[in-house]
J.: 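Below is one structure. I have some questions about it.
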Amino acid sequence: MALIEYRDALNQAFDEELARDENVVLMGEEVAQYDGAYKVTKGLWKKWGDKRVMDTPISEAAFIGMGIGASMLGIRPVMELMFWSFATVAWDQIINNAAQVRYMSGGLINCPIVIRGPANGGTNVGATHSHTHENFLANVPGLKVVCPATAYDAKGLMKTAIRDNDPVMFMENTLLYGEKWEVPEEEYLIPLGKADVKREGTDITLIAHGRAALTALRAAEILAAEHNISAEVIDLRSIRPLDEEAILASVRKTHRAVLIEENKPFCGVGAQISSILMEKCFDDLDAPVLRISSIDAPAIYSPELERKQLPRPLDIVAKVLSIC
Amino acid sequence: MALIEYRDALNQAFDEELARDENVVLMGEEVAQYDGAYKVTKGLWKKWGDKRVMDTPISEAAFIGMGIGASMLGIRPVMELMFWSFATVAWDQIINNAAQVRYMSGGLINCPIVIRGPANGGTNVGATHSHTHENFLANVPGLKVVCPATAYDAKGLMKTAIRDNDPVMFMENTLLYGEKWEVPEEEYLIPLGKADVKREGTDITLIAHGRAALTALRAAEILAAEHNISAEVIDLRSIRPLDEEAILASVRKTHRAVLIEENKPFCGVGAQISSILMEKCFDDLDAPVLRISSIDAPAIYSPELERKQLPRPLDIVAKVLSIC
Amino acid sequence: MATSAKSTDISKTDFGKSPINARLSAEQKLKLLTDMVRIRCFENESVRQYSAGKMGGFLHVYNGQEAIATGCASLMGDDDHMITAYRNHGHALGVGMNMNECMAELFGKATGCSKGKGGSMHFFAPDKNYWGGHGIVGGQTPLGLGLAYALKYKGVKGAAMCFMGDGAVNQGCLYESLNMASLFNLPVIYIIENNGYSMGTSLERSSAFKSCLAERAAGFNMEWAQCAGTDIYEVRASVQVAMERAHNESRPTMLEIDTYRYYGHSTADAKHNVVGGYREREEIDFYKKNHDPINVFKAKLIAEGVLTEEQFDTLEEGIKAEAAQSAVFADESPYPEVSSITEDVYYEVDRQTEAGRTGKHFFND
Amino acid sequence: MATSAKSTDISKTDFGKSPINARLSAEQKLKLLTDMVRIRCFENESVRQYSAGKMGGFLHVYNGQEAIATGCASLMGDDDHMITAYRNHGHALGVGMNMNECMAELFGKATGCSKGKGGSMHFFAPDKNYWGGHGIVGGQTPLGLGLAYALKYKGVKGAAMCFMGDGAVNQGCLYESLNMASLFNLPVIYIIENNGYSMGTSLERSSAFKSCLAERAAGFNMEWAQCAGTDIYEVRASVQVAMERAHNESRPTMLEIDTYRYYGHSTADAKHNVVGGYREREEIDFYKKNHDPINVFKAKLIAEGVLTEEQFDTLEEGIKAEAAQSAVFADESPYPEVSSITEDVYYEVDRQTEAGRTGKHFFND
Ligand SMILES: Cc1ncc(C[n+]2csc(CCOP(=O)(O)OP(=O)(O)O)c2C)c(N)n1
Ligand SMILES: Cc1ncc(C[n+]2csc(CCOP(=O)(O)OP(=O)(O)O)c2C)c(N)n1
Ligand SMILES: [Mg+2]
Ligand SMILES: [Mg+2]
């Protein structure tokens, strides 16, 4: 298996799907001639040309809406938001058109669109550029939400997302673009709605998604090495659909859980998982399920402090120790 | 005490605050000459004139943004969204400007704005017009979120919201505008962040906000009359700040809770409350905390069905009976 | 608004002589009239049924504007598409949807075009190239762009007509769309149905413009035009220019068509025809008397010898009966099952594909 | 882009003779030059410090555009205000912010103008009528409208200058704002700093327009103009017209000022000056050689006898030292405390008012 960057894994997914289906088209700001602000679409415009890989003006509402409209006629647009943060200006198109048009038409219209881009803090770009919308978007029935943590997952999930006939919100991470993972040469797909047990364990379950899953893995290593605690790490990968079975099975085994996310706490993904565990694992729990999220304030710019605003391995370790 | 409509209670609040502070101004679509789409601002344009009560074009992004900009210079705008659903087109202004400008300026800039309007389903206006954004907005540090259930609360909270120096998202309900409650003649204020125990009880705590609080009250009556169960009903009134103390005190007394909201379930307000109870009342609970929200799909138009999509008293009763 | 100075004044030009109209057969002309009357009667019936408490939510009717939807729909070929806002019954009937599925939708019945899920604002018929029916003001304008984009992508010679009201022109995504339409040479036709009001706000109180709203497109290097919406011949002639531009040059157009609505904004609008309301009763009467698209066209067809008064009465009677019958159909139709609330949310779940069966999609418990 | 056909070509008109410039004292003229040089030196120092790893995030510098912020700021009276996008260091220094607080902000230090919370894109100085510094493209345009609205509401004779780039004109809220500015007669001046590129996209690839972008305002019945941004005299003369319109008629203006950026979009932009990148090195050299606002003004002042080469060198040396010193200041300043992460979120909490002490405002535990 080749060791490749997260961005290149995505790039391969686009390239393969562009080849597979002539209705797939990539669009967004700087995705074509500039190769993408983060070079995720590098070389694709050169290879596939203007028709399949297209630069847009800085008009997120209109170009996301254009993608939605095109998808209604059978095009399969893969739309880049240079940052998911900029979805705020296209919010209406996503929430009211992509998510609702199938329903309001009684199932007559489909919207096979992928909206993608990085959604993360931690890069010192300030509050307006560091939003993580996965809890908002997964609240909306009609949307699917995916947050891959590794290159392998990113490629397999992206290919599936492009083939999915529902609108998929695909959240990448600028801090991961340059990280490398093993990715097979042969084609593979990863279903939406399947969590990945990234580490097996018996004493406690750490549930996370996106980059927080990697932070949880690091915490699990420390817990094993320094505290003799065996933590199971579940990477949700997809937030909606959600792999509830995997969550329940693990917690029923370990009887304890800590939920980690880089989102803000109030009504975050962790709140939803906690409420599921409350309802379905009440008698299985030996301790309260605890949550860690980013410190509850807008993303601070100061590099020194933003590092501390997001969950770190030792924050997780401390929470775990408080209930183990 | 006079028995007045929810809409008139709000109207009084506006009138009194317009009189009290010359920087208060009401703006929105049809709020002036048309008296408001739901007549909440009736008579105020006639009384206060163009300067204080102003109609805007159908440009939510720009007029909400205009209000935010004006508030930075000391104006205290009370902005109507004809429906809170239309906040989707002004999302960026709310999330990135109103919520973040104080933070990003290191506290140099304040944003004393109120954004208000009805936020509810149940009126058969379809999926795009029935959004309840309180969980989304309360996720954003920098914003405050208020959801009054009665005329009394609406007036007292609105007056406080207008005087508050932070941006307050004020969510009303078209189904309640025509309902009547007792409201004192003399001036009063209700602090943000104080829940109201709308009914005392000993066996279970029902926690809700907005119209769901009234549904919970009706359920409590049925529980008392037909099942001999004494339910305490807590109306959160304000979602952020949240009266955590009131929630904890009640559940530590009753040892059981059901959370009711008209929002969609995934990452709803109930998820947050459940996760708080998980963390802080784990040993006090005699049964899992359960949640009720609207049926997890876009708001259906069909009047017959939409009635069933939102939580009804008997839905609550059934949930309560399952754990009592 | 001065009731005399508007460009809805009957034009000096005889648009019946425009090639697109001159080649119409008598039958085709009667079809145009019939389609307008069908809209009028359907709307009247729906107002009646609304008053009788048969539906919920809003009802925005199209009375007075019939020449626009009918004229535009009549120009559509196999690869031409249409999308509009919430005042959409006229467009729906114009493209050929039947009264039963439309009335049943208003009643919230399972037999409605959207299975009772969309309601008055959300009629759809993709099989007739009709993409709705959208409730968020201006929200359909990028979708219209997307339809045009898809047509061009697929290499077919089609146009996407995207309608909006005079109030909707103040939603920003429209201008983003105009820029992209012009920049990318997309065959979209933006049509402003300017009925002079957005709810209770007159055009003058909501918009700043030079000669008209459509002229705003000029700044985006886009062709624009304005015409009157009284005479369906004029509507067809004006839209045809844009259609040809779309088909032959793949260039967009913004077209403003002046019109008038007889009813209030919706059935809830009590201020549209009362003293102290936002418009005078005389104004409404003026339009009904001088600019009614059905009366005007009827008179033309009688003058052309294509129609007699008696034939018209028969026609109208038949259509009224059809409309009344649609209410019976709607009334007798079943409501959707409660289980249907969570259907039509996800394609993959509805089809129970592998994807639809993987993971939890709904979260009530 | 043809490097010769742009309106940045040095104008035939001698704007030094415009009343607003003719009445400048020698001292005031030197102040204008000084301010431009201060921006240039600050930006050069910040690029150096960025390369040295002293800051995070993005750094968008203003080199090449100095005449605009400086010229505009020089026209501001007590009731005139300014707001702009993320390329905002020039405006900040222009209104009189000092280099220390700006450089410290870039370093993320507690002594920064925004206490290290805003970073490069978010400088603010309300005491100097300077409202930032905004990172979402176009997001500041409604805020600028709000500043103008507040000025009018309070009855003061002021203007709000709201800046944006040539890429930002394709955000819809700008057009909503233009309509409201014109409709409500608000004293706002929208200034497009057209540097020919939005990131890697040239003007021609992002926008459809007639003669220029500002002309789009015409459709909203708004005055508009275009001028070159090389000669600060021209900038001042052009902006002054809009200022007077705002002050005396309470009417808005859209003004497009042609300019050029020497560096990439941000320090992360590796494609702005390489073969196969989005612009040729010759183009950059052409602008530096023929349109550098500092060189052009320096030459004018020397010709006017207000300045000598030697004086300029001394001036520049002093400013370079000031910039270097600001980096020392920033470097030696402390980082904010971790506890400050949750400060400046809520006014009421920061002041520990009754409201700030009621209910739970933060939810980490
Ligand atoms: C974004 C948004 N804002 C406000 C509304 C409420 N609203 C519905 S229709 C309407 C007036 C629109 O007028 P116009 O565009 O002229 O269309 P007409 O009703 O005249 O056909 C308003 C304000 C909405 N649906 N969406
Ligand atoms: C809504 C939004 N979309 C995209 C971006 C990313 N972005 C930041 S600056 C920029 C280019 C803007 O160019 P222009 O307006 O010409 O300003 P300049 O950089 O030339 O000063 C882009 C695409 C953003 N910050 N906000
Ligand atoms: Mg209208
Ligand atoms: Mg630019």
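Letters A, B, ... are given to chains in the order of the sequence lines, protein chains preceding strands, and every chain is numbered from 1.
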J.: For chain A, which candidate among D/A168, D/G112, D/G167, D/G56 shows the most heavy-atom pairs at distances under 4.5 Å?
T.: D/G56
J.: With a 4.5 angstrom heavy-atom cut-off, could you sort out which part of D/H134 is near chain A: side chain, backbone, both or neither?
T.: neither
J.: Provide the closest heavy-atom pair for D/Q171 versus A/I58 in the form atom of the first, atom of the second, distance.
T.: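 D/Q171 and A/I58 have their closest heavy atoms at NE2-O, 2.8 Å.
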J.: Select, from D/S198, D/G116, D/S206, the one with the greatest count of heavy-atom pairs under 4.5 Å involving chain A.
T.: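 Between D/S198, D/G116, D/S206, the count favours D/G116.
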J.: For D/E280, is the CD atom crowded, meaning more than 12 foreign heavy atoms sit under 6.0 Å from it?
T.: no
J.: Side chain from CB out, backbone as N, CA, C, O: work out which of these in D/M199 comes under 4.5 Å of a heavy atom of chain A, or both, or neither.
T.: both
J.: Hey, what do you get for CD1 (A/I300) to CD1 (D/I341), rounding to the nearest 0.5 Å?
T.: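 A/I300 atom CD1 to D/I341 atom CD1 measures 5.5 Å (nearest 0.5 Å).
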J.: Shorter than 4.5 Å, heavy atoms on both sides: which option in D/V345, D/D269, D/V169 has the most such pairs with chain A?
T.: D/D269
J.: At their closest point, which heavy atom of D/A270 faces which heavy atom of A/Y34, and how far apart are they?
T.: N-OH, 4.2 Å
J.: In this structure, are over 12 heavy atoms from other groups packed under 6.0 Å from D/R281 atom CZ?
T.: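 Result for CZ/D/R281: open.
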J.: Let's test your reading of the structure: which of D/S340, D/A268, D/G172, D/G119 forms the most heavy-atom pairs below 4.5 Å with chain A?
T.: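 Result: the option with the highest number of such pairs is D/G119.
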J.: Could you tell me whether a side-chain N or O of A/T128 sits under 3.5 Å from a main-chain N or O of D/I136, the two making a donor and an acceptor?
T.: no
J.: Given heavy-atom pairs under 4.5 angstrom as the criterion, report whether the side chain, backbone, both or neither of D/E343 touches chain A.
T.: neither
J.: Would you say the side chain of D/Y278 lies within less than 4.5 Å of the side chain of A/E30, judging by non-hydrogen atoms?
T.: no
J.: Where on A/T123 is there a heavy atom nearer than 4.5 Å to chain D: the side chain, the backbone, both, or neither?
T.: backbone
J.: Within the structure provided, determine whether D/V137 and A/F86 are in side-chain contact (heavy-atom separation under 4.5 Å).
T.: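 They are not in side-chain contact.
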J.: Are there more than 12 heavy atoms of other residues, nucleotides or ligands under 6.0 Å from atom NZ of D/K271?
T.: yes
J.: Could you tell me whether a side-chain N or O of A/D296 sits under 3.5 Å from a main-chain N or O of D/F362, the two making a donor and an acceptor?
T.: no
J.: Most heavy-atom pairs under 4.5 angstrom with chain D, which of A/V125, A/V89, A/I292?
T.: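 When all of A/V125, A/V89, A/I292 are compared, A/V125 has the most.
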J.: Using non-hydrogen atoms only, which part of A/Y38 is less than 4.5 Å away from chain D: side chain, backbone, both, or neither?
T.: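 For A/Y38, the contact with chain D is made by the side chain alone.
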J.: Please look at A/E29 and chain D and tell me whether the side chain, the backbone, both or neither of the residue comes under 4.5 angstrom of a heavy atom of that chain.
T.: neither
J.: Once you round to the nearest 0.5 Å, how far does CE of D/M55 lie from OG of A/S302?
T.: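 One finds 12.0 Å between CE of D/M55 and OG of A/S302.
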J.: Main chain of D/T201, side chain of A/Q33: is a donor-acceptor contact present, judged purely on distance under 3.5 Å?
T.: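 No, A/Q33 side chain to D/T201 backbone: no donor-acceptor pair under 3.5 Å.
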J.: Taking atom CD as the centre, does D/E337 end up with more than 12 heavy-atom neighbours from other residues, nucleotides or ligands that are less than 6.0 angstrom away?
T.: no
J.: Distance-only, no hydrogens or angles: does the A/Y301 side chain make a donor-acceptor pair with backbone N or O of D/L106 under 3.5 Å?
T.: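 Here the side-chain-to-backbone pair exists.
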J.: Can you tell me if NZ on A/K51 sees more than 12 non-hydrogen neighbours from other groups inside 6.0 Å?
T.: yes
J.: Should the heavy atoms of other residues, nucleotides or ligands under 6.0 Å from NZ of A/K180 be counted, would the total exceed 12?
T.: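 Atom NZ in A/K180 is not packed in, count stays at 12 or less.
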J.: Taking A/S294's backbone N and O only, do any of them form a donor-acceptor pair with D/N364's side chain (distance below 3.5 Å, no angle check)?
T.: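 Pair found, side chain donor or acceptor close to backbone of A/S294.
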J.: Could you report the tightest heavy-atom contact between A/S59 and D/N170, atom names first, then the distance?
T.: OG-O, 2.6 Å
